[in-house]
Amino acid sequence: MLAAVRHATGAEKAALHEPEFAGREWDYVKECIDTGWVSSVGKMVDRFEAMLAEFTGAARAVATANGTAALHIAVVLAGAGPGDEVIVPSLTFIATANAVSYAGAVPHFADVAADTIGLDAAKLDAHLSDVARVGPSGCVNRITGRPIKAAIVMHAFGHPADLDALGEVCARHKLVLIEDAAESLGSYYRGKHTGALARVGTLSFNGNKIVTTGGGGAVLTNDPALGARAKHLTTTARISAGWNFVHDEIGYNYRLPNLNAALGCAQLERIDSFLTRKRTLAERYRAAFASMTGATFVAEPPGTKSNYWLNNIMLAAGRESEQAAVLAALNGAGFGARPAWTPMHMLKMYRDCPRADVSVAEDVFRRLVSLPSSAALAGPG
Ligand SMILES: *Cc1c(COP(=O)(O)O)cnc(C)c1O
């Protein structure tokens, strides 16, 4: 295992994922400081939002303080609130479930598919047919009596989930589909950018993501009215009234500072270089693990193009007990390696939430190992 990772990375040691600032980051940040526009208003925010909309093909991108804030707003925009349930894959980063909680709703955990590591559409369909009924006012959980308003699909590690099948299942059960595309900037499902395919999607620009603003996120939508509402809600719901402070509802201070947006503009200018090198690295990992019997490289699902944000291997069935030793050996030798997130239904604050059979999520948790994935491992950009 260690030999394969050394071979693929061509390095003696490597972090799991490191940011790279080799473009105009300094120039743009300096411009903010020189002009005094460092905070929540400024032309870098507008420029970053325009660049994001263009890159993803979304009609509107609204920059936010982080990806979790963007997800919170996405849940609100989907119409879910106190007393509602929202379908969340059990295998995801904590932000997906927390965002549902922030909106006052309850996460209802569903399983992932072994091939995409994203929500399993067929299994979700069977589960909803089992526990929910669809009436004129929407989908209701027959067991809890609560409305199920939406489903969040998360494109895990950059690999797009099966959006067509999920869209169809959601339409039939009257659920709003939300894409958590925090990990999939630069990933495409049947030629279309992830995060811009559902009614609302979100991105993250945390330090470990494919491009970073230090901390940041964005809401994506193709519905101009929803985009305007996202901007309003994330900017304290202030209405234009000259110099007076007038707010027409309880909004949020989820604005991305201009300083952070400056970093984002410079990073996005180089995304093609990041993506190209990440595919090169993924190809090296694929080749390095091709002949190994104990583990397989997790490749992009058919019909999709992954950004290969994190490269992963899946230990062979029956080898779950070796996961701890593999992680210890890699980290001990200086290679950042991690298991997948602890499934949400196994965490104490979420263990009593409604859930489907989540056996694949548990299986992936026991068998997956994420490997060093910085673009720089495939050379300078
Ligand atoms: C990174 C990430 C987020 C957002 O995280 P922030 O740190 O708040 O930007 C949300 N969902 C997933 C799956 C993520 O990986």
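Read the numbers this way: they start at 1 and go in the same order the structure lists the ligands and their atoms. It should be emphasised that the depicted structure is a prediction, and the values quoted were computed from it without experimental measurement.
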Rounded to the nearest 0.5 Å, what separation is found between the [atom1] atom of [X] and the [atom2] atom of [Y]?
X	Y	atom1	atom2	result
Arg47	Leu52	CZ	CG	12.5 Å
Asn208	Asn206	CG	CG	4.5 Å
Ile178	Ile73	CD1	CD1	11.5 Å

Quiz item: Salt bridge between Arg270 and Glu25, side-chain N to carboxylate O under 4.0 Å?
Solution: no
Expected rows: ligand 1 N/O, protein N/O, dist below 3.5 Å:
{"residue": "ligand 1", "atom": "8 (O)", "partner": "Gly67", "partner atom": "N", "Å": "3.3"}
{"residue": "ligand 1", "atom": "8 (O)", "partner": "Thr68", "partner atom": "N", "Å": "2.9"}
{"residue": "ligand 1", "atom": "8 (O)", "partner": "Thr68", "partner atom": "OG1", "Å": "2.5"}
{"residue": "ligand 1", "atom": "9 (O)", "partner": "Gly67", "partner atom": "N", "Å": "2.8"}
{"residue": "ligand 1", "atom": "9 (O)", "partner": "Ser204", "partner atom": "OG", "Å": "2.7"}
{"residue": "ligand 1", "atom": "11 (N)", "partner": "Asp180", "partner atom": "OD1", "Å": "3.4"}
{"residue": "ligand 1", "atom": "11 (N)", "partner": "Asp180", "partner atom": "OD2", "Å": "2.8"}
{"residue": "ligand 1", "atom": "15 (O)", "partner": "Glu183", "partner atom": "OE2", "Å": "2.5"}
{"residue": "ligand 1", "atom": "15 (O)", "partner": "Lys209", "partner atom": "NZ", "Å": "3.2"}

Quiz prompt | Charged tip of Lys43 within 45° of Trp37 ring normal and under 6.0 Å | solution = no
Exercise. On the 0 to 90° scale, with breaks at 30° and 60°, tag the Phe297-Tyr308 ring pair as parallel, tilted or perpendicular.
Key: parallel
